[in-house]
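To keep things clear, I will list the structure first and then write my remarks on it.
Letters A, B, ... are given to chains in the order of the sequence lines, protein chains preceding strands, and every chain is numbered from 1.
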Amino acid sequence: MPDPAPRNILVAVAWPYANGPRHIGHVAGFGVPADVFARYHRLRGNRVLMVSGTDEHGTPIMVAADRAGVSPRELADRMSAVIRNDLRDLGLSYDLFTRTTTKNHHRVTQDLFRTLYDKGYVLERETLGAFSATTGHTLPDRYIEGTCPICGYPEARGDQCDNCGNQLDPTDLIEPRSKIDGSPPVFRETTHFFLDLPAFKERLAEWIGAQRDWRPNVKNFSLRLVEDLKPRPITRDLDWGVRIPLPEFEGRDDKRIYVWFDAVIGYLSAAVEWAHVTGEPDAWRDWWQNPEAGHYYFMGKDNIVFHSVIWPSMLMGYGAGGEVGGGEVPLELPDDIVATEFLTMEGRKFSSSRGVVIYVNDFLSRYDPDPLRYFLTIAGPENQDTDFTWSEFVRRNNDELVATWGNLVNRTLTNAHRNFGSVPEPGELSEADRAVLAEVDAGFETVGDLLERASFKAALGEAMALATRVNQYVSEAAPWALVKDDRQRAGTVLFVALRAVDSLKTLLAPFLPFSSQAVHELLGYEGRLAGPLEIREVGADDDDPHEVLTGDYASSVGSWTPSALPAGQELREPRPLFAKLDPDTVVEAELARMETAADLA
RNA sequence: GCGCGGUGGGGGAGCGGCCGUCCCCGCGAGCCUCAUGAGCUCGAGACCGUGGGUUCGAAUCCCACCCGCGCACCA
């Protein structure tokens, strides 16, 4: 297929909040789909910039820090490192995974705030706020509980009563108390800045209405939100967050920018930081100020509003303006907002506090990353909520990954390695030989088209169907029988099968990067398909040293093409790609582990 | 109230005629034996949530109801 000119693709991945380790539901939502998409586009020859980082400001981190007896900064440092390691171990190929506590991020956030303020999109309003009596900080509604004035339920939250379902205001609660320390909250007038969302209503409605490719849930939900927009606060009474860049707030420790506001700006600030780190400080503009670039955002469905309404409003309001933008070309709006539904755990909602959870690092301490990536793609919540069960995980691993793909690789390589030692020299190809190769080659088109459209489940299913197709070919051609009396023909069949496996390795590489690398090596290639990922320290020149997750993926760029495996290439000693799991022991052990955690919680 | 969904035993796709069709499993039978007891072939199994309607024709469009999930000042 003729390749069009390379496109610049921004893969903007939701920022995991650093108040604790992330669980597999989180990475099912933002991480794995985004990584599959980014890896595919690199293979396709496009210039990918995949950015994200840990989201480290706000009340929940202060609360968690308090509980742990450390400062917010210390807690954020600790959790950021844990999350960074988890994402690396899962093989999420960020070009830059940074943090919101960097100088660069604060600078970019302040520029956005300042510019929106100067252009009149920031309003100042008096509101009645709830404060912790002990710390004086803003107490978010969900951290206040008390007796519901409607149904008398004693543990109603400040925003809603879980018993009768009515929306509440924290001032409605009878005997309100802080969920953090039990003290009664103090209500008082406070001044905050608000983002004037209604100012963008018409432009948002027109822009969202014109979208053709968004998933229906995202588009309809967003259109509905736009009908009823209210100004939204962008500051809080805290001392942990980005400082408000206005003269009257200089040196003041009582107000900060609201964490959600700085978190969404991370997509931009991380791109700016990436450009700085790579030594081409303006390179980020190739994505952000380039109308030809594609901007793709990945998140769980609970985050849609920020990406389809609020962040676009901020971008529209900022326009070309500000110190960072430079005043000439407006910043690009999202092209697609890929929101994933929710994953549940053995029929229950994930809940860290109730022990219904499986953390990424815990999972990866016992199982390999590719089976998890496989499960989360083939059985994940792409279009509707789905349930993670251990028995289904084991089944998918054993009956699909091991039996179809792992076995194909193993039987093909074993036959070839044992009988020939290297890729056999083929004779003339038969019709069946050419047919199977043509079908696999066509996969680069079909799987690629599905990936373009973010249909990950279908794309992986298609690639797996091709593996089944090659299994059929191998069964029919039976090279193990041929080798006894027609060595030439056996060699031809194995040559065809090896080429098919080599192509499938590429087709599966976005989904299963670790095992595709293994196949690459077994086939006798040197070097890496992509990566490796690395954690390294940057920012020393800016007096702001911090660790980031990054990697060099240049080797994979443009290799989305059918195999050209040369005859004569030495094969390595085959070994199984995936571990088969014992259903009984795994399911029993994991369910017991979950029950123990739930009992402790 | 609004949005998304409800498809053989499990999980999904299909979203006006080719459809009760397709995919991954499970189940039954057979073939093969190179391969991690893996692979290949054939078969049984469904009132497409329920009730209405539109249409020459509906899983697919409309209405009502039932069930599940979600719904911004939480991050």
Using a heavy-atom cut-off of under 4.0 Å over every strand shown, decide if [X] touches base, sugar-phosphate, or nothing.
| X | answer |
| --- | --- |
| Ala379(A) | nothing |
| Asp302(A) | base |
| Thr468(A) | sugar-phosphate |
| Val402(A) | base |
| Ile234(A) | nothing |
| Phe578(A) | base |
| Asn471(A) | sugar-phosphate |

Quiz item: In this structure, which one of Leu204(A), Val226(A), Leu229(A) forms a side-chain contact (heavy atoms from CB on, under 4.5 Å) with Ser313(A)?
Solution: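 So the option named by the test is Leu204(A).
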
Rounded distance in Å - [atom1] ([X]) to [atom2] ([N]):
| X | N | atom1 | atom2 | result |
| --- | --- | --- | --- | --- |
| Leu376(A) | G11(B) | CG | C1' | 15 Å |
| Leu522(A) | U36(B) | CG | P | 13 Å |
| Glu126(A) | C73(B) | CD | C1' | 17 Å |
| Trp311(A) | C73(B) | CH2 | P | 20 Å |
| Leu498(A) | C34(B) | CG | P | 18 Å |
| Leu450(A) | A13(B) | CG | P | 13 Å |
| Lys301(A) | C74(B) | NZ | C1' | 16 Å |
| Ile304(A) | C73(B) | CD1 | C1' | 17 Å |

pair [X]-[Y]: side-chain heavy atoms closer than 4.5 Å:
| X | Y | result |
| --- | --- | --- |
| Ser178(A) | Ser132(A) | no |
| Phe456(A) | Val32(A) | no |
| Leu498(A) | Pro424(A) | yes |

Exercise. Evaluate side chain to side chain donor-acceptor pair (under 3.5 Å) for Lys255(A) paired with Thr191(A), printing each intermediate quantity in order.
Key: CA-CA 10 Å; Lys255(A) 279 190 205 293; Thr191(A) 303; 5.7 Å; no

Interatomic distance at [atom1], [N] relative to [M], whole Å:
| N | M | atom1 | answer |
| --- | --- | --- | --- |
| C4(B) | C23(B) | C1' | 23 Å |
| U7(B) | A13(B) | C1' | 10 Å |
| C48(B) | C18(B) | P | 15 Å |
| G39(B) | G57(B) | P | 46 Å |
| C32(B) | C69(B) | C1' | 47 Å |
| G28(B) | C67(B) | C1' | 34 Å |
| U21(B) | G45(B) | C1' | 15 Å |
| A59(B) | C22(B) | C1' | 13 Å |

Exercise. Please tell me which of Asn303(A) and Arg575(A) maps to the more 5' nucleotide of RNA chain B, matching each residue to the nucleotide holding its nearest heavy atom.
Key: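 It is Arg575(A) whose nearest nucleotide is closer to the 5' end.
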
Practice problem: Between Thr412(A) and Arg396(A), just flag the one whose closest nucleotide in RNA chain B comes earlier from the 5' side. | Solution: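 In this pair, the answer is Arg396(A).
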
Measuring from the side chain of [X] (C-beta onward, heavy atoms only), which nucleotide among [options] has the closest atom?
| X | options | answer |
| --- | --- | --- |
| Ser475(A) | A38(B), C32(B), C40(B) | C40(B) |
| Lys580(A) | U36(B), C73(B), C40(B) | U36(B) |
| Thr386(A) | U41(B), C73(B), G12(B) | G12(B) |
| Arg418(A) | A35(B), U36(B), C25(B) | A35(B) |
| Lys457(A) | G26(B), G12(B), A38(B) | G12(B) |
| Arg411(A) | U36(B), C74(B), G39(B) | G39(B) |
| Arg395(A) | C69(B), G10(B), A35(B) | G10(B) |
| Pro576(A) | U36(B), G39(B), U41(B) | U36(B) |
| Trp480(A) | C73(B), C34(B), C40(B) | C34(B) |
| Asn415(A) | C25(B), C73(B), C34(B) | C34(B) |

Quiz item: So, for His307(A) and Tyr267(A), is the gap between ring centers shorter than 6.0 Å?
Solution: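 Centroid separation for His307(A) and Tyr267(A): below 6.0 Å.
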
Quiz prompt | Proximity of Phe200(A) and Tyr121(A) rings by center, below 6.0 Å | solution =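 Yes - the distance between ring centres of Phe200(A) and Tyr121(A) falls below the 6.0 Å cut-off.
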
Quiz item: Which pairs with one or both residues in residues 446-466 of chain A pass side-chain hydrogen bond (donor to acceptor under 3.5 Å, both in side chains), sequence neighbours excluded?
Solution: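 As it turns out, the side-chain hydrogen bond (donor to acceptor under 3.5 Å, both in side chains) pairs with a partner in residues 446-466 of chain A, which skip direct neighbours, are Tyr40(A)-Glu452(A).
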
Taking only side-chain nitrogens and oxygens of [X], does any of them come within less than 4.0 Å of OP1 or OP2 of [N]?
| X | N | answer |
| --- | --- | --- |
| Gln472(A) | G39(B) | no |
| Thr404(A) | C25(B) | yes |
| Asn410(A) | U36(B) | yes |

Practice problem: Could you grab the distance from atom CH2 of Trp311(A) to atom CH2 of Trp260(A), nearest 0.5 Å is fine? | Solution: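 Spacing of CH2 (Trp311(A)) from CH2 (Trp260(A)) equals 10.5 Å.
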
Exercise. State the dot-bracket string of RNA chain B. Criteria: Watson-Crick or G-U wobble, both atom distances under 3.5 angstrom; notation: ( ) intrastrand, [ ] crossing earlier pairs, | interstrand, . unpaired.
Key: (((((((.[[[[[)..(...]]]]].(((((.......))))).....[[[[[..)....]]]]]))))))....

Practice problem: Keeping the roles fixed (side chain from Ser430(A), backbone from Asp433(A)), state whether a donor-acceptor pair exists under 3.5 Å. | Solution: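 Yes, because the side chain of Ser430(A) sits within donor-acceptor range (under 3.5 Å) of the backbone of Asp433(A).
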
Quiz item: Above 12 or not: heavy atoms from other molecules or residues under 6.0 Å from CD of Glu431(A)?
Solution: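 Atom CD in Glu431(A) is not packed in, count stays at 12 or less.
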
